[in-house]
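What follows is one structure encoded as structure tokens, with my remarks underneath.
The chains referred to below are lettered A, B, ... by the order of the sequence lines, with proteins before strands, and numbering in each begins at 1. This is a predicted model, so every value here is computed, not measured. Only heavy atoms go into these numbers, but all of them, side chains included; no hydrogens, no water, no symmetry mates.
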Amino acid sequence: MREKVITTQTIADPKTSYGDGKAASRHFIAQRWTGAVNVLLVGFLVWMVVRLAGADRAEMISVVGNPIAGIILAVLLVVALVHMRIGMVEIVEDYVQDPRTNRLSLMLNTLFCLGVGLIGVIAILKLVIWG
Amino acid sequence: MAMSIFHRATGIALYAGTLLLVIWLAAAAIGEGAFASVNALYGSWFGQLVLFGYTWALFHHMLGGLRHFLWDNIIGMEPGEREKLAWANLIVSIVLTLLVWLIFVWVG
């Protein structure tokens, strides 16, 4: 796998498996601010989950259905998803060398995070608006 | 050194674990029956075991992230300090996990 000479152009080309040169700095910075937001909101998540452990649906709606709690939860979910997408991009860049598998993994990663985010945000919106 | 791979492993665990949160929210949005099934699953001994592991992964990854913030500011990079931070990370994550479960689940 190492016969090819790796130049700066190779690394900067997002079509190779050496990472996306243009996105790397953005990812580095985004990983830090999303991480900081997650640290701030982790208390809220633990409080909410513990408060609602084993609760019935009406009680759950009384907590998550509150617009402020709903918005915080949605923000937490989206920020966490951005964070975990970048984290998985780093893992794929480190371990998945074959360019095609690499691109496929990155695409599946983005789809997974988008899908989970869409389902989560729609579920929260439904609980806030209709109960 | 082992802590680096722990940070990555807990990150992957949390990646999968986000599904648990979204399944819970989606079940509540769908209705009474779906929510009761998910509650029963999460309340079972296996569900509780997974959630306990999830709590630990969350705290461990959070503390690991805070450690990265320290390193970003060139703090705690010396040989002795790194090992101390690694042990602190592990011990505090276990203590926080036990505290949350002790106070809110086993006692409360």
Side-chain angles (χ1 to χ4, degrees), chain A residues 28-29 31-32 34-36 38-43 45-61 63-65 70 73-74 76-77 80-81 83-88 90-91 94-95 109 112-113 115-131, chain B residues 4-5 7-40 42-44 47-48 51 54-55 58-59 61-69 71-73 96-97 99-108:
Chain A
F28 181 90
I29 295 162
Q31 198 65 340
R32 272 143 189 85
T34 52
N38 285 338
V39 172
L40 292 178
L41 293 180
V42 72
L45 179 71
V46 171
W47 166 80
M48 193 198 71
V49 170
V50 160
R51 164 84 178 69
L52 292 173
D56 57 17
R57 195 167 169 272
E59 210 181 336
M60 164 118 179
I61 287 164
V63 173
V64 180
L73 186 61
L76 168 77
L77 181 69
L81 283 163
H83 189 84
M84 69 188 225
R85 176 175 171 269
I86 296 173
M88 191 54 84
E90 277 187 40
I91 293 172
D94 280 356
Y95 300 128
N109 177 39
F112 178 82
C113 295
V116 169
L118 268 178
I119 295 169
V121 170
I122 289 171
I124 295 168
L125 274 178
K126 200 259 172 190
L127 290 173
V128 170
I129 298 170
W130 291 287
Chain B
S4 161
I5 203 69
H7 192 67
R8 196 158 264 197
T10 49
I12 295 172
L14 294 170
Y15 186 98
T18 307
L19 266 181
L20 296 177
L21 178 67
V22 168
I23 287 170
W24 186 56
L25 290 170
I30 289 166
E32 219 54 82
F35 191 62
S37 315
V38 169
N39 253 353
Y42 288 7
S44 69
Q48 293 284 291
L51 287 175
Y54 189 82
T55 315
L58 190 65
F59 282 131
H61 197 79
M62 181 190 80
L63 292 166
L66 291 175
R67 211 161 45 119
H68 274 283
F69 283 140
W71 287 336
D72 285 347
N73 293 288
L96 280 176
T97 308
L99 269 181
V100 164
W101 279 73
L102 199 69
I103 295 172
F104 298 113
V105 185
W106 296 324
V107 177

**Request:** Taking B:N39 for its side chain and A:A55 for its backbone only, find out whether a donor-acceptor pair lies under 3.5 Å.
**Result:** yes

**Item:** NE2 on B:H68 to CD on A:Q31, rounded to 0.5 Å
**Value:** 10.0 Å

**Item:** Portion of B:L58 that has a non-hydrogen atom of chain A nearer than 4.5 angstrom
**Value:** side chain

**Item:** Beyond-backbone contact of A:L81 with A:M84, side-chain heavy atoms, under 4.5 angstrom
**Value:** yes

**Message:** Filter on side-chain hydrogen bond (donor to acceptor under 3.5 Å, both in side chains), then keep only pairs touching residues 10-20 of chain B, sequence neighbours left out; what's left?
**Reply:** A:N109-B:Y15, B:T10-B:H61

**Request:** With a 4.5 Å cut-off on heavy-atom pairs, point out which of A:G35, A:A36, A:G87, A:A80 contacts chain B the most.
**Result:** A:A36

**Asked** Do you know which two heavy atoms are closest between B:G43 and B:Q48, and how far apart they sit?
**Response** O-CG, 3.6 Å

**Request:** Cation-pi check, B:R67 to B:F69: give yes when NZ or CZ is under 6.0 Å from the six-membered ring centre and within 45° of the ring axis, no otherwise.
**Result:** no

**Asked** In terms of heavy-atom proximity below 4.5 Å to chain B, should A:I61 be classed as side chain, backbone, both, or neither?
**Response** neither

**Prompt:** Given B:W24 and B:F35, is the side-chain contact (heavy atoms from CB on, under 4.5 Å) satisfied, shown in steps?
**Reply:** CA-CA 7 Å; B:W24 186 56; B:F35 191 62; 3.6 Å; yes

**Message:** Quick check on B:Y42 against chain A: is it the side chain, the backbone, both or neither that has a heavy atom closer than 4.5 Å?
**Reply:** neither

**Engaged part of B:L66 at the chain A interface, taking heavy atoms whose separation is under 4.5 Å** = side chain

**Message:** What residues of residues 116-123 of chain A make heavy-atom contacts with chain B at a cutoff under 4.5 angstrom?
**Reply:** A:V116, A:I119, A:G120, A:A123

**Complete:** Looking only at B:A36, B:G11, B:G65, B:G31, most heavy-atom pairs under 4.5 Å shared with chain A are made by B:G31

**Message:** Let me confirm one number: the CG-CE distance from A:N38 to B:M62, rounded to the nearest 0.5 Å.
**Reply:** 10.5 Å

**Message:** Quick check on A:E90 against chain B: is it the side chain, the backbone, both or neither that has a heavy atom closer than 4.5 Å?
**Reply:** both

**Request:** Could you tell me which non-hydrogen atom of B:W101 sits nearest to which non-hydrogen atom of B:L51, and how far apart they are?
**Result:** CZ2-C, 3.6 Å

**Asked** Side chain, backbone, both or neither: which part of A:L125 has a heavy atom under 4.5 Å from chain B?
**Response** neither

**Message:** For A:C113, is there any backbone N or O sitting under 3.5 Å from a side-chain donor or acceptor partner on A:R85?
**Reply:** no

